[in-house]
Amino acid sequence: MDSAINDPDLPKGIQRSRPLPDPKLGALWDSIILDERLKTQLLSQAMLNFTMRPKVDRSVIPLHGVILLVGPPGTGKTSLARGLAHRTALSFTGANFRLLEVEPHTLTSSNMGKTQRAVSDLFSQSISEATASGPTIVLLDEVETLAADRSKMSLEANPIDIHRATDAVLVQLDILADQHPNLLFLATSNFPQAVDSAFTSRCDLVMQIPLPNREACALILKDCLSGLSRTYPQIGKLLTSPQFDRCATECVGLDGRAIRKMVANALASSRETAMNPELVTIEDLFAAAKAARGVRVQAEKIK
């Protein structure tokens, strides 16, 4: 049973609350293929938040307890953040960690002042109160929704209220950093250029999560096919195909999510493979990878 709680009684803006560590989130951490040096840096930064912040004055090291993951959609930023929460909690034996996931879109309103009040209440009350029960990690997905770049706002969509909402986020981050050293924010953004620079300046670490290189593409493809082979054993034979490396090379330019979906496209390449996935061939995989990359290239040209 999933230990996450989707409770209708949770405060506005909190989508999910779950105790940590959570092995399911550990599986997410393992599934994200990323340079181990980057994973080590992420985990170390998160651990430092809970070991040093309670002991060292912020006038010496001005930590805010915020890590920002940026990169293209599909690179696994949200899964990586959830997995990081698990691994961080696992590093502290006996500590009662909790992960709160914020749903930023529920906080916005077209009514003047409501967005600002909702944001202030979320940080000053809901999140602040949660830290009273133990170390708390907060996931802020699509953080540009809450901390939009004020310098780029137009006269549309009630910019004054959005401007004030960003102000509220910044003020609350400063207050929480002073009052709650047992609190860590993990923020993600597909569009870092849309995040206010004052928010970015408060981040203790900003990490770019890149598209997978050829080696990483091969590892993602292997992980996906290996997982499928537990249900469909014949698929495991594709891992030793002489054409496997060619398929992995064709995946370069795709994100991890797109690679796994490409495998699903290969399984749906005919009615026969859809009915019996064990009939899929390495040629089906290559064709699906080539098609997926073609779509990605075309989309980039349109941009």
Side-chain angles (χ1 to χ4, degrees), residues 27-39 42 68-84 104-105 139 141-145 148-149 152 186-195 206-229 232 235 238-239 241-274 277 279-303:
L28 288 179
W29 174 266
D30 294 335
S31 73
I32 300 299
I33 307 300
L34 185 67
D35 189 322
E36 282 301 320
R37 292 174 297 176
L38 296 181
K39 279 190 169 183
L42 266 180
L68 175 61
L69 304 179
V70 300
T75 48
K77 299 180 296 298
T78 303
S79 293
L80 190 63
R82 289 175 175 141
L84 176 60
H105 302 286
L139 174 59
D141 220 4
E142 300 180 10
V143 73
E144 64 273 8
T145 305
D149 188 341
K152 297 178 181 177
L186 302 179
T188 74
S189 178
N190 295 331
F191 309 104
Q193 67 275 14
V195 179
V206 179
M207 180 174 288
Q208 178 79 30
I209 308 301
L211 289 171
N213 59 20
R214 190 230 164 273
E215 290 73 22
C217 286
L219 289 173
I220 293 169
L221 192 53
K222 284 181 180 178
D223 183 72
C224 186
L225 294 176
S226 295
L228 283 170
S229 70
Y232 306 107
I235 289 179
L238 300 180
L239 294 168
S241 168
Q243 297 299 313
F244 178 85
D245 287 344
R246 185 166 169 248
C247 284
T249 300
E250 194 63 36
C251 290
V252 174
L254 301 177
D255 57 75
R257 182 191 299 155
I259 292 172
R260 294 176 187 273
K261 286 183 178 294
M262 174 277 294
V263 174
N265 296 154
L267 298 178
S269 59
S270 71
R271 287 179 294 178
E272 289 75 20
T273 56
L279 296 177
V280 71
T281 66
I282 199 71
E283 289 80 14
D284 294 331
L285 276 180
F286 181 79
K290 187 174 182 178
R293 195 167 75 158
V295 170
R296 183 62 58 91
V297 170
Q298 190 61 36
E300 290 298 325
K301 287 181 179 179
I302 294 174
K303 288 182 182 179

Exercise for the section: Find the distance between CD1 (Ile259) and CD (Glu250) and round it off to the nearest 0.5 Å. Expected result: 11.5 Å
Practice task
Sequence neighbours left out, what passes salt bridge (charged side-chain N to carboxylate O under 4.0 Å, His left out) with Asp284? Give chain and number order.
Solution key: none
Problem - salt bridge (charged side-chain N to carboxylate O under 4.0 Å, His left out) against Arg257, all qualifying residues, sequence neighbours excluded - result: none
Practice task
Look at the side chain of Thr188 and the backbone N and O of Glu142, then say whether any donor-acceptor pair between them is shorter than 3.5 Å.
Solution key: yes
Fill in the blank from the handout: Separation between CE (Met207) and CG (Leu84), nearest 0.5 Å, reads 9.5 Å
Handout entry: Residue pair Gln208 / Pro72: nearest heavy atoms and the distance that separates them
Key = NE2-CD, 4.1 Å
Practice task
Write down the atom of Gly74, the atom of Asp255, and the distance for their closest heavy-atom approach.
Solution key: O-OD1, 3.2 Å
Handout entry: salt bridge (charged side-chain N to carboxylate O under 4.0 Å, His left out) partners for Arg214, two or more places apart
Key = Asp245
Problem - Atom pair CG (Leu254) and CZ (Arg296), whose distance is rounded to the nearest 0.5 Å - result: 5.5 Å
Exercise for the section: Let me know which of Leu42, Leu186, Asp141 forms a side-chain contact (heavy atoms from CB on, under 4.5 Å) with Leu69. Expected result: Leu42
Problem - Over 12 foreign heavy atoms within 6.0 Å of CZ, Phe244 - result: yes
Exercise for the section: Please identify each residue that fulfils side chain to side chain contact (heavy atoms under 4.5 Å, CB included) with Val206, with sequence neighbours left out. Expected result: Leu68, Val70, Thr200, Cys203
Problem - Interatomic spacing from CG in Asp35 to CD1 in Ile209 - rounded to 0.5 Å - result: 10.5 Å
Exercise for the section: Determine whether Cys247 and Glu283 make a side-chain contact, defined as any pair of heavy atoms from C-beta on separated by less than 4.5 Å. Expected result: no
Completion exercise
Between the CG atom in Leu219 and the OG atom in Ser226, the distance rounded to the nearest 0.5 Å is 10.5 Å
Practice task
Determine whether Pro212 and Ile220 make a side-chain contact, defined as any pair of heavy atoms from C-beta on separated by less than 4.5 Å.
Solution key: yes
Problem - Beyond-backbone contact of Met262 with Leu285, side-chain heavy atoms, under 4.5 angstrom - result: yes
Problem - Contacts of Arg271 that satisfy salt bridge (charged side-chain N to carboxylate O under 4.0 Å, His left out) - sequence neighbours left out - result: none
Handout entry: Arg260 side chain reached by Asp223 side chain, heavy atoms, under 4.5 Å
Key = yes
Exercise for the section: Quick one: pull up CG in Leu34 and CH2 in Trp29 and give me the separation to the nearest 0.5 Å. Expected result: 8.0 Å
Problem - Donor-acceptor under 3.5 Å (Lys39 side chain, Ile32 main chain) - result: yes
Problem - Validation row: Leu239, Lys222 side chains within 4.5 angstrom (heavy atoms) - result: yes
Handout entry: Partner residues of Asn213 under the side chain to side chain contact (heavy atoms under 4.5 Å, CB included) criterion, sequence neighbours left out
Key = Glu215, Ala216
Problem - Where Ala266 and Ser269 come nearest, the two heavy atoms and their spacing - result: O-OG, 2.7 Å
Handout entry: Verdict with supporting geometry, Leu211 and Thr75, side chain to side chain contact (heavy atoms under 4.5 Å, CB included)
Key = CA-CA 6 Å; Leu211 289 171; Thr75 48; 4.0 Å; yes
Practice task
Mark yes or no for whether Thr273, through its side chain, and Ser270, through its backbone, hold a donor-acceptor pair below 3.5 Å.
Solution key: yes
Problem - Any side-chain heavy-atom pair of Leu228 and Val280 under 4.5 Å - result: no
